[in-house]
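Below you'll find the structure, written out as structure tokens, and then a few comments.
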Amino acid sequence: MKLSEKAEEVLETMWIAIEEEGGAFFDPEQAGFSVDDPVCRELTGHALVELRQGMLYFRPEGREAGRITIRRHRLAERLMMDVFNIKGEEGDLKACQFEHLLNEGVDTKLCTLLNHPATCPHGKPIPPGDCCLQARQTGDLGVVPLTECKSGQEGEIAYIQTDDSKKMQKLMAMGVLPGNRIRLVQAFPSYIFRVGFSEFAIDTALAREIFVRKQM
Amino acid sequence: MSSSRSEPLKDRVRKVALVGTPNVGKSVLFNALTGRYVTVSNYPGTSVEVSRGTARVAGQSWEVIDTPGMYAIHTITEEERVAREILLNERPDLVLHVLDARNLERMLAMTLQLVEAGLPVVLVVNIMDEAERMGLSFDLELLRQRLRIPVVGAAMARKRGLEEIQQAMATYQPPGEPRVIAYSRLLERDITAVTSLMSGEYQLSPRSLALLLLQGDEEIAELVRRQEPANGAAIEQVVRDVTFVRRESFHLDLSMERKEIVRKALQGVMQIPANRRESWGERLSRLAVQPVTGVPLLLLTLYFGLFRFVGGFGAGTLVDLLEGRLFEQHFNPWITGLVKGLISWWPLQELLVGEYGVITLGLRYAVGIILPIVATFFLFFSLLEDAGYFPRLALLVDRLFKRFGLTGRAVIPMVLGFGCSTMATMVTRTLETVRERILATLLLALAIPCSAQLGVIIALLSKVPGGLLIWAGVMTLLFLVVGFAAARLMPGETPMFYMELPPMRLPQLANVLTKTYTRMQWYFLEILPLFVLASVLLWLGKITNFFATLVSALTPLMRLIGLPREAAVAFIFGFFRRDYGAAGLYDLQRKGLLDGRQLTVAAVTLTLFIPCVAQFLMMKKERGWRVSLGIFVFVSTLAFGSGYLLNDLLLATGWLSS
């Protein structure tokens, strides 16, 4: 089932009005389209919504479709904000265009990349997907900066994120390379970590730039 | 390549360079290979020290060069640049790559880079003993076959493997062609794109140069520009293109490829036990880095090291013995009688053995007071250095130092400043940013007393109950306030802190003594001429009466801070050297001219007072006129201002008044 972009947006607006704001139904007039609009026909045709007395009601399938669409939208917002660093209205606009590409498993990939975020940049909850539930069950905490690890915890270096290429090279020469095992030895007053048989001390600013795939 | 390589071997001195990351035992190997004749000098144009010595191996003379620590052939720090310069310019006949057996996997990447560059490499897998104690085992024969270079297992601290290294030096056969280390097809294509345009003569292989160019190495870019008059622009263009296409992750990709090559080369070579055993060094390290145990340990170290050993033993026992007994009772009366018997012209008598005589004052201060104190300090410093304590100290104070705009790294010049602030001012070069260097220079000039000063002051003030406490309190307070304020007022950001923590180990006595001796030598060569010069100037001042005029001119200033006019002499001395001034104070106290309050005020003012001539000249050399004059004026004002306030406070409260 492939919906048009317009239909996906209607589903989102409906989902917010009914699921988050507690409405029983959704008034298309309020959203600025009439019941004769082709989008209504598309949604009813896929048996996602019912039209009764000019108002739109979710069918169970439609409720689920709405939930997934809103999840994609908010994941896209997070992507714009956290990774691409596009903020404000510009970010919202781009997220609206981007969300439609997030079907057929791309959303799962994105969700894992973003480490299963729970809220969108505006603070609204992102409905969890299967991947989020699975991650919670297996205890895979995903990729976090070294600052989020506890002393004694071990993990694998996922990536280094720094603007300073010299610093990156220095870290790599010291053995801070993706794939290497890293163990946080101490977190105060400075971070001490061990790679192989060597120990290194770094400050908080640098510890924030080393990302670790944590294992429990 | 170098034409000298084809000369008969026995007729010339061959060169061997020791390379490797810091703390892998290069210096220990260096000391084991070379005899007594070692020179330590700054590499031209840098502050980086390079040791050279000679060795005789199987009838062949060798020049042995100990290079500064380097992590990769692609250089970042000044030390690494110097190390590579040596490989490039001095064309060693042999390169001994020394690495730590425990970190074979991490450090072998540089071996590959050296081999790839076409350098004549022998691999020394050092610290085997500690690795074996941890339960690691190695098949070095397999590694030798895989790398196709000589590989020697060693534990230099125990002289294990020395004979094998000497044998490898004697029998080494240089490879005909540089070994090619194969990378992925993508990387190979990029390398070929660059090397196909290169036709110049180089000390390193074109492949290795191409990789350095792609990593954005500016010095190599400069070198290639010089060597490629025809293709220079074309090469730059190709490098720019590749760099742009792979801008996202070139460094990372290269490191990952090398890591994979190393992993394959090490398969079956290294056996790691499932459970690592913790050595006593690691347990001690744990204690040293945790604030709860680390801070008391630091205080204990300072108390026993600085206060008891340097202050008590060095400045007390040894000075009494050398200055009090040897000079005052035996040497000075003897030499004075001898000179007066030989020379009848009064000014010359004065110059040699008078009140400010070159021998009776200059030599007595230098040898009798300064030497024992500085020697004990450097011994203490070298012990801590070899035990691997400083990096742990650095991480412990990093958070605090950040408030002064410094990182934990600055703790090394700061501690060294307690030995000799001149030497420490020079070492501030190793700090990353100009801002950090200026802040460290200021704090060194102001609140860090050097060991001789410290020794004398501890000896003096320990006779004044509470005096030492007040002195230490004022110093700490000013250090914190000035550091904090300067960091706020000076624009710029505090750089990041990162440091490798070498394992803590028991220092080798021979190494500690060698280091202490080298530092003493540097220090003595630097201060003795100054002491002689100071004596000559003071003598000139005395016979022309200029000195008396200067003392009179300073008298109001002395009175202002509650000191007798004779104290001006100590301050004038203090300008020549900080320790000289403190030694002058020592004389005054023995003559009974100062009471407890005055002694404390004088000690505070003198400690804060201007850096000595040597330190000032070093500041000027390192930081330029503007900054050094600024620091000079600021420090002098603050010194007398604090002396004035402290004197008033002590008078008002009645503390320390006898």
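Residue numbers start from 1 in every chain, and the chains themselves are labelled A, B, ... in the order their sequence lines are given, proteins ahead of strands. The figures here come from the full heavy-atom set of this structure, side chains too, leaving out hydrogens, waters and symmetry mates.
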Please look at [X] and chain A and tell me whether the side chain, the backbone, both or neither of the residue comes under 4.5 angstrom of a heavy atom of that chain.
X        : value
B:Glu130 : neither
B:Glu105 : neither
B:Ser285 : side chain
B:Leu104 : neither
B:Leu254 : neither
B:Val289 : both

Candidate pair A:Val185 and B:Arg286, rule side chain to side chain contact (heavy atoms under 4.5 Å, CB included), full reasoning: CA-CA 9 Å; A:Val185 177; B:Arg286 214 46 72 236; 3.3 Å; yes
Donor-acceptor side-chain pairing of B:Arg399 and A:Ser190 below 3.5 angstrom: no
Rounded distance (nearest 0.5 Å) linking atom CG of A:Leu206 with atom OH of B:Tyr498: 8.5 Å
B:Gln290 and A:Gln186: CA distance, side-chain angles, deciding distance, side chain to side chain contact (heavy atoms under 4.5 Å, CB included) verdict: CA-CA 8 Å; B:Gln290 279 165 6; A:Gln186 188 178 317; 3.5 Å; yes
Steps toward side chain to side chain contact (heavy atoms under 4.5 Å, CB included) verdict (B:Glu282, A:Arg194): CA-CA 12 Å; B:Glu282 285 176 308; A:Arg194 183 186 290 152; 4.0 Å; yes
B:Lys259 (side chain) donor-acceptor with A:Gly175 (main chain) under 3.5 angstrom: no
Steps toward side chain to side chain contact (heavy atoms under 4.5 Å, CB included) verdict (B:Met134, A:Phe197): CA-CA 10 Å; B:Met134 285 174 147; A:Phe197 287 89; 3.9 Å; yes
Option in B:Leu396, B:Ile272, B:Thr21 with maximal non-hydrogen atom pairs under 4.5 Å from chain A: B:Leu396
